[in-house]
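This report refers to the structure that appears directly beneath it.
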Number of protein chains: 2
Amino acid sequence: MTPSGAADRARRTPDPARTPSPTPGRSGRTPSAEPARTPKPSVRRQARRLRQGATSRTAAGVKDVAAAAGVSLGTVSNVLNRPEMVSPTTRAKVEAAMASLGFVRNESARQLRAGSSRIIAYLMLDAGNPFFTDVARGVEEAAEKAGLSVFLCNSNEDAAREANYLDLLEQQRVQGVLITPIDPDSARLSKLPDRGTPVVVVDRAIDDGEHCSVAVDDVLGGEVALTHLIELGHERIAFVGGPNTIGQVTDRRAGARAALRQAGLPAGNLVDVLTGALTVAEGRGAGQRLAGLPADRRPTAAFCANDLLALGLLQQCVSLGLRVPEDLAIVGYDDIEFAAAAAVPLTSVRQPRHLLGRTAAELLLDESSNPDHEHQRVTFTPELVVRTSTRGNT
Amino acid sequence: MTPSGAADRARRTPDPARTPSPTPGRSGRTPSAEPARTPKPSVRRQARRLRQGATSRTAAGVKDVAAAAGVSLGTVSNVLNRPEMVSPTTRAKVEAAMASLGFVRNESARQLRAGSSRIIAYLMLDAGNPFFTDVARGVEEAAEKAGLSVFLCNSNEDAAREANYLDLLEQQRVQGVLITPIDPDSARLSKLPDRGTPVVVVDRAIDDGEHCSVAVDDVLGGEVALTHLIELGHERIAFVGGPNTIGQVTDRRAGARAALRQAGLPAGNLVDVLTGALTVAEGRGAGQRLAGLPADRRPTAAFCANDLLALGLLQQCVSLGLRVPEDLAIVGYDDIEFAAAAAVPLTSVRQPRHLLGRTAAELLLDESSNPDHEHQRVTFTPELVVRTSTRGNT
DNA sequence: CAATCTTCTTGAAACCTTTCACAAACTTAC
DNA sequence: GTAAGTTTGTGAAAGGTTTCAAGAAGATTG
């Protein structure tokens, strides 16, 4: 067999039989209507296995466990919640009964009665952005230490989805909500603490007396980034970012403007390149636009509102033949792990992502357990990390 | 003010007052003990605002709404669940009462009585890996279409955390669980369907008659990757991946071995470089080890179990002076968005991430709503995307 | 051995909603 | 103007757990 055998096979539908669409219940999609790129699936139906072992069709509850163990219902609950209060013998009996019945505690009932949840949620702006998943890891770390679990929710920069999730979480009576909001001043958001759900705003400073917030000084970050570019001699600089409903974008731009002003350069020297979202794809789009400008009108540097944009911009510029940093210097924001591994290692403004998440979670836990809790506004300081995309190899 | 002013400020603690540690409740951490890199936070305490507006201290329930609206409790419930059954006038009254009382439906009680949850969960192997967040987006898309919400959970390749989350989700009686498991054959996993929680395994094929699964043929992917390298003339090739408890790793390695065999090369030509996780950092470590080998004993190509490893490997090798692909050709796996934007654009094995998530969610929805559901095993076909990291610029 | 303590166990109430059979109030049709 | 229907609202039961006052059994003391 020639080495190319496998490679050929990779493009073939492995299952020669024309199996129906892999998504049952969906009909009317003819095979030919599928985009050429979509890999063809193979499907195997399985006979449903008879569940012989399952003791009963409906889930066992404390009552069943109590009966099986020959104890009262209250005792079963004690085994669950205050095991030290029940004698070892009884406990063993109860635990055996639980195991044999496959008992799974009904959390809805528990929470309804006990009134407390063991869950906090982090509602992220964009789960696809490594910045936020790093923050999430900090959150998880702090939560685990406190014996809580974290549910992650992804608003995806979509206000409707954000509102949906807020409703849901409030209805779930979670112990608290961490959120990187689209709009930190929205009325929707400040309602939660009023009704008893603590909220900590992450990556936005806010001062409404309703929430704690943990943020990094974005204005300062923008200032630092632009000051760096100005020091390198750049005078006409693009600001790539958007939409302007996102506070991080406007703050960073404001910082950039401030730096320009302080350097005595006219405000018009900061050229706005507006994007529809903070994604790699939008960055590529921005690159297309920038590279399309005649060289004499094109800015010599670009400051991007985050690293995803910067990476997309970088990729597109390089592939269109622009040299980075000679033709266009680029500064990103966040210093995500991929920034250092980029085509041209990216100068970026680093934020303490992990610490941000951890601190936010700790504030939330304090708020929900400490009656003397006072809201705090914690601000961290960003740090410029200079790499090849601005300084070149010299 | 000189342009460097802002840059200087960035390294200073903006708040001159020696504020206590930003994490209340933690003590004994002296300022000097902080690592130098940790940005210093500024903290602002806020007096707790008196809640004048809050109507009552405890949340309002249906009963209160009923009283306020002058209707019966059952009617309020009807407004919530079957609004078409209540007259417009009454409905308006009830809705007004809800709004003025700030009523938030108690989901625990609802679920306890109604017995159904409007939530599905996706338990991911690594939320920091863009591959999985892309899968998650597919899941969210399908769920949204069905009016469900998605909670994301991150096992972080940690079996204990995975088990914890499974317990939690089962107790929550979620409508279903999507999971990319550490070990798809674990007994823990097959218990869920027995007890009524549908489970769909994502990115692993499984054939135990208990779950649906949606996967991409990893053996084939490994085969394709290695065949490509062999065609380019490489004979001694590193396989970078681990730990071996992760099925994706062993499958891809198996595929690589098969390709080697088919090409008539000895099995020993595939050099195992074992990593502790599938992360960029581990990839850098592998790069260190590979670059440290004398040139004549070093493999001329590396196939990495995923793109994170490949990006780390690439970054480390480049910074240690190895040329890619001349000294070392690299193939990644997943074709995440950052692969194309890497220092040397990465050849990678693409998987239909979005489709994977969407299909999995659709199978889950079918299982939980269609009584005639039959478990399916859907397998997609991967596709090699060739870029500079193997083929060079020629 | 009675009295007092401890240590375990119990049973019933409570948590907040949904559900469902039924009643009440209107309509319509003859 | 009554019978039959339709629409809208009602009240009580139920769902699975936790909590807590109180009881039972056993151990200790004087």
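Lettering of chains follows the sequences in order, A, B, ..., and the numbering in each one begins at 1.
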- request: For A/A109, enumerate each residue passing the side chain to side chain contact (heavy atoms under 4.5 Å, CB included) test, keeping only those at least two apart in sequence or located in another chain.
  value: A/N106, B/L112
query: Considering only heavy atoms, which members of residues 76-87 of chain A lie under 4.0 Å from some atom of DNA chain D?
result: A/S77, A/L80, A/N81, A/R82
query: Under a 4.0 Å N-O cut-off, is there an ion pair linking B/D167 with B/R188?
result: yes
- line: Footprint ends on DNA chain D, 5' to 3', for atoms under 4.0 angstrom from a heavy atom of chain B, come out as D/dT8 to D/dG16
query: To 10°, what angle do the rotation axes through the five end pairs on each side of the helix from C/dC1-D/dG30 to C/dC30-D/dG1 form?
result: 40°
- prompt: When you check the gap from the basic side-chain N to the acidic O, do B/K191 and B/E210 get nearer than 4.0 Å?
  reply: no
task: Using a strict cut-off of less than 4.0 Å between a Lys/Arg side-chain nitrogen and an Asp/Glu carboxylate oxygen, indicate whether B/E170 and A/R105 qualify as a salt bridge.
output: no
task: For residues A/L123 and A/E162, determine if any side-chain heavy atom of one lies less than 4.5 Å from a side-chain heavy atom of the other.
output: yes
field: Backbone of B/A187 reached by a side-chain donor or acceptor of B/S190 within 3.5 Å
entry: yes
field: d(CZ, B/F103; P, C/dC16) in whole Å
entry: 11 Å
- request: Using a 4.5 Å cut-off on heavy atoms from C-beta on, say whether the side chain of A/I179 contacts that of A/V200.
  value: no
message: Both B/L73 and B/A109 contact DNA chain D. Taking the nearest nucleotide for each, which residue is further toward the 5' end?
response: B/L73
Non-neighbouring partners of B/Y165 that pass ring-ring contact (aromatic ring centres under 6.0 Å, His included), sequence neighbours left out: none
message: Would you compute the distance between atom NZ of B/K63 and atom OG of B/S72 and round it to the nearest 0.5 angstrom?
response: 13.0 Å
Using a 3.5 Å cut-off and no angle test, enumerate the donor-acceptor pairs between side-chain atoms of residues 87-98 of chain B and protein atoms at least two apart in sequence or in another chain.
{"from": "B/S87", "atom 1": "OG", "to": "B/T90", "atom 2": "N", "distance (Å)": "3.4"}
{"from": "B/S87", "atom 1": "OG", "to": "B/T90", "atom 2": "OG1", "distance (Å)": "2.6"}

- prompt: In whole angstrom, what separates A/L112's CG from C/dA14's C1'?
  reply: 9 Å
